[in-house]
A.B. asks: 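Take this structure first; my questions come after.
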Amino acid sequence: MDVNTLAWSVLLLPLIVAATILLGLKRWSGLSSLVSTGSALLTLAFCIMLAADGDKAVDTASYPWIDLAEHLTITIGFQLDGLSRGMMLIVTSIGFLVHLFSLGYMKDDAGKSRYFAALSLFMFSMTGIVLADNFVMMFIFWELVGVSSYLLIGHWFEKASAADAAKKAFLTNRIGDFGFMAGILLVWVLTGSIYFEEIKTAVGGVANVGLLNIAVLCVFCGAIGKSAQLPLHIWLPDAMEGPTPVSALIHAATMVAAGVFMLARVVFLIEAADMAATVITWIGALTALVAALMALQQNDIKRILAYSTLSQLGYMVMAQGMGQTGSDAGMFHLYTHAFFKALLFLGAGAVIYACHHEQDIWKMGGLRKKLPITFTTFALGTAALIAVPFTSGFWSKEAILETALHEKLYGPYVLAMIVAFLTPFYMTRLVIVAFFGKHRTKDADHAHEVGPIMWVPLVILAVMAALSAYGFISSPLLARGHADPGHLFSHFGLTAILSLTGLVVGVGAAIFLYKGKSKDPLSIPLFRDKFYLDELYLGMVRLFQDSVAAFLDFVDRFVIDPLVARFPAGLALGAGSVLRVFQVGNVQSYAFFFGVAVIALILFLIL
């Protein structure tokens with residue numbers, strides 16, 4: 001199979017499967033799940049075959065779509081290079097494991113066929129973003145990812161909270177996507193092209209640097225929405241209302257990673273716009289810090305991981321503002337994060353499943369002995385997330401911090417270091433409260449290990465969480481970085497010292513505070529209530545919505561209703577009343593009106 005056929009197969013197979021399930025297999029949920037999972041495995045195999053060419057760029061056939069003569073020509077085509085191949089491997093590998101895990105997690109769900117159809121549609125949408133060779137094609141699939149996430153987050157739409165979370169995610173992303181669309185138009189105006197390679201060539205000749213900075217910031221708005229950066233981060237924690245495998249898919253390698261991937265794809269634009277690059281770096285750093293502080297006081301196991309995702313995405317976005325070196329480090333962290341965060345979410349799903357869908361960590365406890373496989377794999381994922389030396393997360397996080405220090409970005413560097421202390425603290429808190437101590441509820445006491453269909457993906461991801469940063473795994477997977485123990489020991493400097501200090505202090509403080517506790521000894525309402533940002537947004541919505549509603553009510557009552565509705569109706573009624581006098585059906589009256597009219601006509605002619 002040639003490269004062109006492989007690429008189109010990777011893109012279209014999930015779409016065909018989604019359509020087949022919805023149109024023909026919806027009644028047979030077991031068959032639907034197997035077809036969807038099989039297609040995910042086949043897509044992964046195709047991506048492995050595509051990765052055989054390594055970083056080498058390969059030309060593929062493109063097909064015309066819109067042709068506006070000399071002004072704009074849009075095609076549907078692919079950009080196959082090391083960046084897209086590596087991202088495709090991440091998307092399809094995590095996607096397949098999520099499908100596999102879902103076979104067990106969703107086996108009794110009433111909407112099982114609909115769920116797997118939405119998963120396949122999600123895979124189609126994400127692969128389109130990764131493969132796109134131009135902004136317009138990327139934007140189309142960008143919106144499809146939004147639709148897919150809406151369907152998956154709101155899968156249990158009978159629950160008001162799930163339906164609201166789906167709407168919140170969809171609407172919040174539309175704000176960022178409007179800016180993204182404006183940025184695409186500005187880039188087209190400045191460079192005369194929507195194709196990434198052509199833009200890369202033309203961007204050096206752009207004279208209006210101020211407008212270029214605005215264009216890059218508008219493009220960055222898309223990443224703010226998809227990758228949940230401040231201030232559009234509010235949708236991601238609520239996305240936990242969807243099934244847990246959906247959380248793993250959204251938080252690990254697909255939707256939230258799309259923003260980071262898009263920035264990496266257009267890093268040449270960021271390098272040409274210094275002011276925009278600075279803004280991107282600071283927003284990433286601030287998001288990492290604020291999200292980590294929020295995670296300190298959350299009790300829902302999935303929400304803790306959600307805020308952890310926000311924080312790690314902040315690291316990745318911060319790196320994208322540092323130029324090509326930082327972008328490579330950010331993509332390296334995206335790559336390692338995909339495995340250990342998917343592991344943590346699926347592990348949380350196993351815990352929730354075993355505890356009869358209980359999600360509050362303070363209603364768990366003692367699960368270490370009840371769920372030995374889940375605990376071991378979850379602990380490995382936690383070690384990678386908190387950057388324990390020689391795990392995958394350690395190498396990628398250090399790469400970002402080293403780049404920030406090398407670029408003399410001391411402000412973001414300090415914020416990132418604070419996060420390096422907070423992450424071990426809140427993740428150790430989660431592990432101690434949920435897995436150690438005594439059982440706090442009957443659900444925890446009666447928990448038992450999940451079946452192989454669920455723990456096998458956990459084991460695979462645990463191996464990747466520990467080893468994915470090393471060259472013998474990362475190089476075949478085209479990761480934009482790899483572990484370098486020699487560099488660590490030969491350049492054991494400020495970054496390594498501060499990171500290890502933050503790790504030890506964070507873990508130690510969490511053990512000291514939470515070991516043996518049955519309730520949270522800390523109470524920080526500001527962090528627990530997420531800096532009241534949701535309430536602020538709600539207040540703004542109500543203020544503007546109520547104000548606009550009151551104004552429109554006034555206009556409707558006193559302007560539109562009298563002038564548009566009542567006045568024409570009254571005019572027609574009055575005219576009818578007057579004309580009715582002349583339609584009485586009496587011959588003598590008609591003769592009288594005729595005489596009056598003749599006299600009036602004579603007087604008019606005389607005068």
Side-chain angles (χ1 to χ4, degrees), residues 6-7 9-18 20-21 30-52 84-107 112-113 115-131 145 148 152 243-258 334-347 349-350 377 381 450-465 467-468 473 476-479:
L6 278 173
S9 299
V10 167
L11 177 66
L12 295 178
L13 181 60
L15 176 63
I16 294 171
V17 168
T20 302
I21 291 174
L31 181 59
S32 297
S33 61
L34 292 176
V35 169
S36 181
T37 305
S39 73
L41 178 59
L42 191 57
T43 304
L44 172 59
F46 289 159
C47 287
I48 293 173
M49 295 167 68
L50 281 174
S84 59
R85 288 192 186 91
M87 189 69 184
M88 283 300 306
L89 283 170
I90 296 171
V91 170
T92 54
S93 60
I94 300 297
F96 167 66
L97 292 174
V98 167
H99 275 77
L100 188 62
F101 186 90
S102 297
L103 291 176
Y105 193 88
M106 303 293 288
K107 66 178 181 180
K112 187 176 178 179
S113 293
Y115 170 82
F116 277 94
L119 277 186
S120 293
L121 182 63
F122 206 123
M123 295 289 286
F124 165 69
S125 306
M126 192 63 201
T127 52
I129 289 177
V130 176
L131 291 172
V145 165
S148 306
L152 287 169
T244 300
V246 170
S247 303
L249 194 64
I250 290 177
H251 286 250
T254 54
M255 185 171 177
V256 295
L334 185 152
Y335 157 77
T336 59
H337 176 266
F339 294 109
F340 63 71
K341 186 53 61 69
L343 167 61
L344 289 171
F345 268 109
L346 294 183
T377 55
V450 295
I453 196 69
M454 295 174 71
W455 63 251
V456 167
L458 297 181
V459 172
I460 295 172
L461 288 169
V463 173
M464 295 299 288
L467 303 176
S468 61
I473 294 179
L477 291 178
L478 307 179

A.B. asks: Would a 4.5 Å heavy-atom cut-off, applied to side chains only, mark Met87 and Leu334 as touching?
C.D. replies: yes

A.B. asks: What is the minimum heavy-atom distance between Val145 and Met126, and which atoms define it?
C.D. replies: CG2-N, 3.9 Å

A.B. asks: Kindly compute the distance separating CG (Leu121) from OG (Ser148), expressed to the nearest 0.5 Å.
C.D. replies: 3.5 Å

A.B. asks: Can you find a heavy atom in the side chain of Ser102 that is under 4.5 Å from one in the side chain of Val98?
C.D. replies: yes

A.B. asks: Answer whether the closest heavy-atom distance between the side chains of Met106 and Pro243 falls below 4.5 Å.
C.D. replies: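 Sidechains of Pro243 and Met106: in contact.
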
A.B. asks: My understanding is that only residues two or more places apart in sequence, or in another chain, count here; which of them pass side-chain contact (heavy atoms from CB on, under 4.5 Å) with Leu477?
C.D. replies: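 side-chain contact (heavy atoms from CB on, under 4.5 Å) check on Leu477 returns Leu89, Tyr335, Phe339, Met464, Ile473.
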
A.B. asks: Which residues pass the side-chain contact (heavy atoms from CB on, under 4.5 Å) test with Ser36, sequence neighbours left out?
C.D. replies: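 Val17, Ile21, His99, Phe116, Ser120.
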
A.B. asks: Roughly how far, to the nearest 0.5 Å, is the OG1 atom of Thr20 from the CG atom of Leu15?
C.D. replies: 9.0 Å

A.B. asks: Is any side-chain heavy atom of Leu461 closer than 4.5 Å to one of Ile94?
C.D. replies: yes

A.B. asks: Do Met88 and Leu50 have side chains that approach each other closer than 4.5 Å (heavy atoms only, starting at C-beta)?
C.D. replies: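 Met88 vs Leu50: side chains apart.
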
A.B. asks: For residues Leu346 and Thr244, determine if any side-chain heavy atom of one lies less than 4.5 Å from a side-chain heavy atom of the other.
C.D. replies: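 Leu346 vs Thr244: side chains apart.
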
A.B. asks: Just verifying a value: how many Å separate Leu478 CG and Ile90 CD1, rounded to the nearest 0.5 Å?
C.D. replies: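 It is 9.5 Å, given to the nearest 0.5 Å.
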
A.B. asks: Please report the shortest heavy-atom distance between Ile453 and Gly104, naming the atom on each side.
C.D. replies: CG2-CA, 3.6 Å

A.B. asks: How long is the straight-line distance from CZ of Phe122 back to CG of Leu119, given to the nearest 0.5 Å?
C.D. replies: 9.0 Å

A.B. asks: Hey, does the side chain of Thr37 reach the backbone of Leu34 with a donor-acceptor pair shorter than 3.5 angstrom?
C.D. replies: no

A.B. asks: Residues in side chain to side chain donor-acceptor pair (under 3.5 Å) with Ser93, at least two apart?
C.D. replies: none

A.B. asks: When you compare the side chain of Phe101 with that of Val456, does any pair of heavy atoms fall below 4.5 Å?
C.D. replies: no

A.B. asks: Which heavy-atom pair separates Ser84 from Val130 by the least distance, and what is that distance?
C.D. replies: O-CG1, 3.4 Å

A.B. asks: Drop me the distance from Leu12's CG to Phe124's CZ, to the nearest 0.5 angstrom.
C.D. replies: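 Rounded to the nearest 0.5 Å, the CG-CZ separation comes out at 6.5 Å.
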
A.B. asks: Mind checking the CG-OG spacing from Leu100 to Ser33? Nearest 0.5 Å is all I need.
C.D. replies: 11.0 Å

A.B. asks: Can you name the closest pair of heavy atoms from Leu131 and Ala7 and give their distance?
C.D. replies: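 It is CD1-O, 4.0 Å.
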
A.B. asks: Out of Leu343, Leu344, Val463, which one pairs with Thr377 under the side chain to side chain contact (heavy atoms under 4.5 Å, CB included) rule?
C.D. replies: Leu343

A.B. asks: Shortest non-hydrogen contact from Met454 to Val450?
C.D. replies: CB-CG2, 3.8 Å

